[in-house]
Number of protein chains: 2
Amino acid sequence: MQYIKITDAIREQIQSGQLAAGTKLPSERKLAEAFKTTRVTLREALSLLEADGLIFREDRRGWFISQRPLIVSLSKPYDFNDVAVSQGRKPSTEVLSSDSMMANKESSEALSLPPFSDVFRFERVHGVDGRPVMYAEHYLRAERVPNLLQHGLEGDLSELYHSQWQLRFTKSCYRLVSTTFDKDVALATRSTSGSPAMKITKVNFDESGVAQEVVFEYWRCSAIELEMEAAFNLR
Amino acid sequence: MQYIKITDAIREQIQSGQLAAGTKLPSERKLAEAFKTTRVTLREALSLLEADGLIFREDRRGWFISQRPLIVSLSKPYDFNDVAVSQGRKPSTEVLSSDSMMANKESSEALSLPPFSDVFRFERVHGVDGRPVMYAEHYLRAERVPNLLQHGLEGDLSELYHSQWQLRFTKSCYRLVSTTFDKDVALATRSTSGSPAMKITKVNFDESGVAQEVVFEYWRCSAIELEMEAAFNLR
DNA sequence: CAGTGGTCTAGACCACTTC
DNA sequence: AAGTGGTCTAGACCACTGG
């Protein structure tokens with residue numbers, strides 16, 4: 001099988017360090033020629049490496065060798081910036097939009113909202129070492145954080161919430177599935193619709209046990225490795 | 001874009017319930033004809049739905065509508081059987097192999113073993129409603145569970161460990177990445193090498209804080225939804 | 001044994017990125 | 001303006017599945 005040989009060859013070059021992280025691969029046509037095959041077969045091989053997290057693509061820009069993933073621990077609350085910095089990476093955050101709206105089905109369910117509740121919604125894109133790796137869509141109960149939209153949303157949100165509204169999260173619930181980028185998220189992350197992704201839904205609860213924020217995160221699958229720890233009481 | 005229309009059409013039929021879980025899709029050639037396209041484009045659409053978890057394939061047998069995923073909670077120790085039964089599903093477990101060996105690099109690192117340590121290794125495949133969904137490779141410190149191989153390994157392992165060797169796990173550490181099935185795992189799960197998968201590495205610690213078991217699990221990405229909860233002390 | 005999925009070939013067009 | 005990735009066509013062969 002051709003495409004297995006191709007993936008093996010490229011994988012080996014990556015793991016032996018001949019292809020450094022961030023490097024752009026040669027064009028598909030050149031690679032296809034090099035491996036004496038067609039673009040269809042070559043792309044099959046590349047897609048496999050992508051799902052494996054070894055390479056990723058930027059829409060219409062080509063294929064690149066993945067950086068090592070961020071290791072994200074769910075055992076404690078995480079701020080994207082802190083996680084990246086503590087692992088020697090350069091994080092970036094961009095706010096794409098923010099507005100106030102009536103809760104849609106998704107947010108309403110996650111936050112256990114009564115009908116017609118107001119929420120704030122904003123979207124951010126997070127990058128590591130100059131490349132977008134994650135898109136996040138936030139919903140917050142509007143009454144708990146009045147005037148949210150008048151504040152900058154680029155920074156550490158837990159700090160903002162606490163300093164402005166004395167809001168602190170004491171519990172988070174996560175849901176995690178693998179999926180693919182849809183068109184909008186792909187656009188926001190310079191990715192391709194259909195590329196494999198990890199979706200993390202995070203619901204944050206305040207001291208009174210009320211769900212105040214829900215975040216839908218879409219990660220490039222190559223950019224994240226999750227870690228968590230659980231201690232159990234004996235039965 | 002053709003393949004987007006195809007995914008949308010099939011997705012809609014699934015979500016509206018016209019295509020029930022477990023149903024086999026028509027052959028690729030028939031589908032391609034129905035959508036007035038070629039097999040290449042059709043397969044692109046199917047692969048997308050697969051990565052999205054809506055359908056899955058069995059090697060050379062065709063494409064099927066996914067069951068709803070098992071919801072696996074990492075906040076407490078989980079036994080595959082219990083999880084499945086509690087969600088109204090019919091679990092199955094098959095032991096593929098078991099033997100004693102010198103620890104390899106992977107297991108040795110995960111268990112913090114000194115060089116040349118003996119471990120037991122066994123492989124199991126777990127199914128839901130008659131279909132394999134997960135492959136697990138277990139490694140245990142040999143000295144803690146002597147004669148492990150003389151016991152049946154199909155059942156609840158925590159029960160076995162406890163009844164035979166008074167071994168109980170009080171802490172687990174998890175690592176989670178998305179990846180693809182390799183040839184061996186694909187074979188064991190009737191899947192296809194290259195299909196998207198979730199890899200969970202679980203290290204189990206006993207009361208004394210010693211890592212006694214490491215499990216490498218490979219899940220069909222459509223078969224699992226992870227859930228976890230974390231409570232935090234205020235800073 | 002018919003039909004299927006897995007794999008592969010050899011092209012093509014278009015919109016976009018890059019220079 | 002050249003080259004690239006995204007998308008698509010119209011075939012083909014083989015090994016395997018399932019009846």
Side-chain angles (χ1 to χ4, degrees), chain A residues 1-10 23-51 55-65 130-132 180-196, chain B residues 1-10 22-51 55-65 130-132 180-187 189-196:
Chain A
M1 283 170 304
Q2 287 270 68
Y3 74 91
I4 297 288
K5 284 176 192 151
I6 300 174
T7 57
D8 287 349
I10 297 179
T23 310
K24 184 177 181 307
L25 287 177
S27 78
E28 295 181 358
R29 285 168 178 82
K30 280 179 188 150
L31 281 175
E33 197 185 359
F35 286 108
K36 298 190 200 313
T37 183
T38 57
R39 271 183 73 208
V40 175
T41 299
L42 179 84
R43 281 171 65 88
E44 167 125 24
L46 294 179
S47 298
L48 227 157
L49 290 170
E50 182 189 29
I55 64 176
F56 66 95
R57 56 175 131 175
E58 294 202 357
D59 193 51
R60 294 184 179 282
R61 264 166 279 252
W63 299 85
F64 302 82
I65 312 296
R131 296 187 191 279
T180 59
F181 283 129
D182 68 24
K183 225 180 65 187
D184 297 331
V185 176
L187 202 63
T189 53
R190 293 174 69 130
S191 179
T192 308
S193 100
S195 281
Chain B
M1 281 170 305
Q2 287 272 68
Y3 74 91
I4 298 287
K5 284 175 194 154
I6 300 173
T7 56
D8 286 348
I10 297 179
T23 310
K24 185 177 181 306
L25 287 176
S27 78
E28 295 181 357
R29 285 168 178 84
K30 281 178 189 151
L31 281 174
E33 197 185 358
F35 287 107
K36 297 192 200 312
T37 183
T38 57
R39 272 184 71 207
V40 175
T41 299
L42 179 85
R43 280 171 65 88
E44 168 126 24
L46 294 180
S47 298
L48 227 156
L49 290 170
E50 182 189 30
I55 63 176
F56 67 94
R57 56 174 130 176
E58 293 202 359
D59 193 52
R60 293 183 178 283
R61 264 167 279 251
W63 300 85
F64 302 82
I65 311 297
R131 296 187 190 280
T180 58
F181 283 130
D182 68 23
K183 224 179 66 185
D184 296 333
V185 177
L187 202 62
T189 53
R190 294 173 68 128
S191 177
T192 308
S193 100
S195 281

Expressed in angstrom and rounded to an integer, what is the separation of [X] atom [atom1] from [N] atom [atom2]?
{"X": "M1(B)", "N": "dT9(D)", "atom1": "CE", "atom2": "C1'", "value": "17 Å"}
{"X": "L42(A)", "N": "dT9(C)", "atom1": "CG", "atom2": "C1'", "value": "14 Å"}
{"X": "E28(A)", "N": "dT17(C)", "atom1": "CD", "atom2": "P", "value": "15 Å"}
{"X": "E58(B)", "N": "dT4(C)", "atom1": "CD", "atom2": "C1'", "value": "14 Å"}
{"X": "L31(B)", "N": "dG6(C)", "atom1": "CG", "atom2": "P", "value": "13 Å"}
{"X": "F64(A)", "N": "dG5(D)", "atom1": "CZ", "atom2": "C1'", "value": "11 Å"}
{"X": "W63(B)", "N": "dT4(C)", "atom1": "CH2", "atom2": "C1'", "value": "13 Å"}
{"X": "R190(A)", "N": "dG6(D)", "atom1": "CZ", "atom2": "C1'", "value": "17 Å"}

If only side-chain N and O atoms of [X] are considered, is one of them under 4.0 Å from the OP1 or OP2 phosphate oxygen of [N]?
{"X": "T37(B)", "N": "dT9(D)", "result": "yes"}
{"X": "K30(A)", "N": "dG3(D)", "result": "no"}
{"X": "T192(A)", "N": "dG6(D)", "result": "yes"}
{"X": "Y3(A)", "N": "dT7(C)", "result": "yes"}
{"X": "K36(B)", "N": "dA10(D)", "result": "no"}
{"X": "Q2(A)", "N": "dG6(C)", "result": "no"}

Table please: side-chain donor-acceptor pairs of residues 42-49 of chain A below 3.5 Å, with sequence neighbours left out.
from	atom 1	to	atom 2	distance (Å)
R43(A)	NH1	E28(A)	OE1	3.3
R43(A)	NH1	E28(A)	OE2	2.8
S47(A)	OG	R43(A)	O	2.9

Nucleotide N/O of nucleotides 11-17 of chain D paired with protein N/O under 3.5 Å:
none

Exercise for review: Quick one: pull up CG in L187(A) and CG in D59(A) and give me the separation to the nearest 0.5 Å.
Suggested key: 8.0 Å
Exercise for review: Look up atom CG in D182(A) and atom CD1 in I4(B), then write down how far apart they are to the nearest 0.5 Å.
Suggested key: 9.5 Å
Check your understanding: Is it true that the NZ or CZ of R57(A) lies under 6.0 Å from the centre of F64(A)'s six-membered ring and within 45 degrees of the ring axis?
Key -> no
Exercise for review: With heavy atoms under 4.0 Å as the rule, sort R43(A) into base, sugar-phosphate or nothing.
Suggested key: base
Exercise for review: Would you tell me whether S195(A) and E50(A) have side-chain atoms, one donor and one acceptor, within less than 3.5 Å of each other?
Suggested key: yes
Practice item. By nearest nucleotide on DNA chain C, pick out whichever of T41(A) and S27(B) is the more 5' one. Key: S27(B)
Check your understanding: Above 12 or not: heavy atoms from other molecules or residues under 6.0 Å from NZ of K24(A)?
Key -> yes
Check your understanding: Does V185(B) offer a backbone N or O that forms a donor-acceptor pair with the side chain of T189(B) under 3.5 Å?
Key -> yes
